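Everything on this sheet refers to the single structure shown next.
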Amino acid sequence: MASLISLSFATPGTATFYTTYTPSTCYGGTPEGTMIAAAGDELWDGGKICGKSFTVTCTGPTNPYPHPCKDGTSVSVKIVDQCPNCGGTLDLSKEAFSTIADPVAGVIKIDYQQ
């Protein structure tokens with residue numbers, strides 16, 4: 001029951017992925033691990049989101065790629081960078097993206113919450 005309640009407060013969006021993690025806008029050349037993400041324009045808010053953590057769940061495809069989601073999985077990521085004009089709400093590290101979806105899909109629909 002608790003997981004159903006927490007998902008009801010999730011926000012829908014889209015996610016892409018990237019593979020070069022440093023330097024980052026929030027932390028310069030300091031590595032922050034691999035479960036990280038860059039915030040798209042709608043979340044960036046002048047950098048106020050730096051260091052915040054989000055739980056991300058794949059909810060479906062955005063393109064004809066069938067069934068990209070790994071059902072029942074979520075990933076927690078830390079915002080370390082900005083992704084201006086990247087076309088997604090969150091640009092996940094490839095490791096984070098791979099935890100919840102097949103990277104071949106490229107772009108997925110997600111639910112996310114802080």
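None of these values were measured; they are calculated from a predicted model. Basis for what follows: all heavy atoms, side chains included, without hydrogens, waters or symmetry-related copies.
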Handout entry: Ile49 reachable from Val75 in the ILVMFWY side-chain graph, under 4.5 Å edges
Key = yes
Practice task
Decide yes or no for Val80 and Thr22: does some side-chain heavy atom of the first lie under 4.5 Å from some side-chain heavy atom of the second?
Solution key: no
Exercise for the section: Give a yes or no on whether the backbone of Tyr21 and the side-chain of Asp81 come within a donor-acceptor separation of less than 3.5 Å. Expected result: no
Problem - By side chain to side chain donor-acceptor pair (under 3.5 Å) - contacts of Ser53 (at least two apart) - result: none
Problem - Pairs flagged by disulfide bond (SG atoms under 2.5 Å apart) wherever residues 24-54 is involved - sequence neighbours left out - result: Cys26-Cys50
Problem - Any residue meeting ring pair (Phe, Tyr, Trp, His ring centres under 6.0 Å) with Tyr27, in chain and number order, not counting sequence neighbours - result: none
Fill in the blank from the handout: Using a 4.5 Å side-chain heavy-atom cut-off and chaining through intermediate ILVMFWY residues, the residues clustered with Val107 come out as none
Problem - Spacing of Lys94 atom NZ and Tyr18 atom OH [to the nearest 0.5 Å] - result: 14.0 Å
Exercise for the section: With sequence neighbours left out, write down each residue that passes side chain to side chain donor-acceptor pair (under 3.5 Å) with Thr62, or none if nothing qualifies. Expected result: none
Handout entry: Under 3.5 Å donor-acceptor, Thr16 side chain and Gly88 backbone
Key = no
Practice task
Indicate yes or no: at least one non-hydrogen side-chain atom of Val77 is less than 4.5 angstrom from one of Tyr112.
Solution key: no
Practice task
Output yes when a side-chain donor or acceptor of Asp102 lies under 3.5 Å from a complementary backbone atom of Pro68, and no otherwise.
Solution key: no
Practice task
Taking Ser74 for its side chain and Thr57 for its backbone only, find out whether a donor-acceptor pair lies under 3.5 Å.
Solution key: no
Practice task
Can you measure from CD1 (Ile110) to CG (Leu90) and round to the nearest 0.5 angstrom?
Solution key: 4.5 Å
Validation: residues 33-45 side-chain donor-acceptor distances under 3.5 Å, sequence neighbours left out:
residue, atom, partner, partner atom, Å
Asp41, OD2, Asn85, N, 3.1

Problem - Point-to-point distance, once rounded to the nearest 0.5 Å, from CZ of Phe17 to OG of Ser93 - result: 10.0 Å
Practice task
Measure across Asp91 and Cys86 and return the closest heavy-atom pair with its distance rounded to 0.1 Å.
Solution key: CB-SG, 4.4 Å
Problem - Inter-residue atom distance Asn63.CG - Ile108.CD1, 0.5 Å rounding - result: 10.5 Å
Problem - Shortest non-hydrogen contact from Leu92 toward Ile100 - result: CD1-CD1, 4.1 Å
